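Quick caveat: nothing in here was measured; it's all calculated off a predicted structure.
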Amino acid sequence: MNISSLALFWLEQEARALLSRLERVQSFSLTETMVAAAAISPNALRAIELHLIRVKRVLRGQLLEFIDAIQQAVLTPAEAQRRFTMLRLRFNAVLTQLDIFADALSQRSETPNGVWLAGLDVAASDALKLKTDLPVPPLVCYLDRGHGAAIRRARTRLPGGDENPVAIIRIPRERMIGSGIASSLVHEVGHQGNELLGLIPSIKPILEAVTHRHDIDTRVWNCWQRWISEILADFWSVAKLGIGSSLGLMAVVNLPRYFVFRVSINDPHPTPWIRVKLSCAIGQALYPHPQWQELSALWESLYPATNLPAAQTLWLRQLEQQIPLLVKLLTQQRPAALNGKTLIEALGVNERQPLQLQSIFSSIKPQDLQHLPATLAFALLGQARWDGQISPEQESRTVNRLLTHWALHRALEQPTKALNTEKGDRYGQFYLQS
């Protein structure tokens, strides 16, 4: 056998080996061992399975076409090598996508984390609901090490370039299941909500226009523009959770002073000290009450802005002075996707004022929380925690019961009912057709 024939034979064997390994990639429905209550939603599972079936089918066809081209002797060894290299990279990208979903799903077999994660799925779906008829994607939560939460939004690019069929939310293990878990969760959901509503493209021109005003500090508003994605996600979280969102944020940015006061235009997250002050200002705008001023004062007592370099102190105060104007612009947002509604109207903030939350919490039994919308239940707990009506131990036990109930309730629903009633089903259909 000459070298050219040997090279083509070797590449054919390698392609067949890839094909053999690809055939061993099985459906999650056949391999995962989670209990029913820990399962992801039917819409999410279907979207993931159909996505993997599609990418496997395409890659399998490309491998078979490559093998046929070699057998027909239409490729030189160099041409075959180039094509095989691209196929191998594509194969590894498919496996990387599989691992992304597997990381989220395999934890569902952990007791009791799997059931809690299913409960967080339910809470995340509720956090994405708006007073509008927009289709929303399925959401899947998983745990990982690290300090902060994160989201891989639906319809963003996966390794290899394919669109992600579901939103995957990473929750830090250290927040399971203590105070502030809802704040981290809903903040990440807010990133998906911002994408669905086109909030960033909507507000960017407004921020740029303000930046060019003669009476405005351009450096400050350049910061707001850099940080706007995280600011909008915090806005979403405060709108859904009230003061519980700000309390959870304080827990997340409970860091050494250097990091709390550090201002970096390269970081997409606002300076932690300013971020908490901004969260309180958003809360005051959405839910007027003296508690926001008290919380802001508490934050300043924990991290007094003293003994800092003069330039840094001036920079922080300039940012702080511009917070009211920024919050005003946020509350006036009317993205095109809402057909004339403001963001406040779509998020339904009028139903979660502090006095309303206090009245509801004082009039119901703890077990009745499970029958309320998930984010409302979390908002009640956050308000009760601030008011001193519930201890951290009681809150943790209550969140445990809520997550378990929501997971079990979803598992006991008829699959056909779930598919017909969840907005995520319509989003899945849109994804498959596009």
For [Y], does its backbone N or O pair with a side-chain atom of [X] as donor and acceptor, under 3.5 Å?
X	Y	result
T271	W273	no
S106	A102	yes
N400	S396	no
S359	L355	no

If you apply the rule side-chain contact (heavy atoms from CB on, under 4.5 Å), what do you find for C141 with L185, and how did you get there?
CA-CA 9 Å; C141 298; L185 177 71; 3.7 Å; yes

Under a 4.5 Å cut-off applied to non-hydrogen side-chain atoms, are [X] and [Y] in contact?
X	Y	result
E300	K277	yes
D217	Q322	no
S125	V136	no
R108	V140	yes
I265	R226	yes
L295	M250	yes
I231	P270	yes
P165	L50	no

Over all heavy atoms of both residues, which pair between [X] and [Y] is shortest? Give the atoms and the distance, please.
X	Y	value
A379	L357	O-CD1, 3.9 Å
R152	N164	O-ND2, 3.2 Å
E49	S27	OE2-OG, 2.5 Å
T96	P159	CG2-CG, 3.6 Å
K240	K129	NZ-O, 2.7 Å
A407	G119	CB-N, 3.7 Å

Using the rule given for side-chain contact (heavy atoms from CB on, under 4.5 Å), can you reason through H409 versus V122, listing the C-alpha separation, both sets of side-chain angles and the distance that settles it, and then say yes or no?
CA-CA 10 Å; H409 180 73; V122 175; over 6 Å; no

Run E320 and R317 through salt bridge (charged side-chain N to carboxylate O under 4.0 Å, His left out) and show every step you take.
CA-CA 5 Å; E320 187 178 12; R317 293 307 179 189; 2.6 Å; yes

What do you reckon, is [atom1] of [X] surrounded by more than 12 foreign heavy atoms closer than 6.0 Å?
X	atom1	result
K204	NZ	yes
R88	CZ	no
E208	CD	yes
H371	NE2	yes

Honestly, is R275 close enough over W227, meaning NZ or CZ under 6.0 Å from the six-membered ring centre and within 45° of the axis?
no

Evaluate W224 against T211 for side-chain contact (heavy atoms from CB on, under 4.5 Å), listing each step before the verdict.
CA-CA 10 Å; W224 295 146; T211 302; over 6 Å; no

Show your working on side-chain contact (heavy atoms from CB on, under 4.5 Å) between Q383 and H289 and close with a plain yes or no.
CA-CA 12 Å; Q383 186 66 52; H289 192 279; 5.7 Å; no

Verify the distance criterion only: is there a donor paired with an acceptor across the side chains of [X] and [Y] at less than 3.5 Å?
X	Y	result
T375	D126	yes
H187	E230	yes
Q358	D387	yes
H51	Q97	yes

Taking the ring of Y287 and the ring of W386, is the distance between their centroids below 6.0 Å?
no

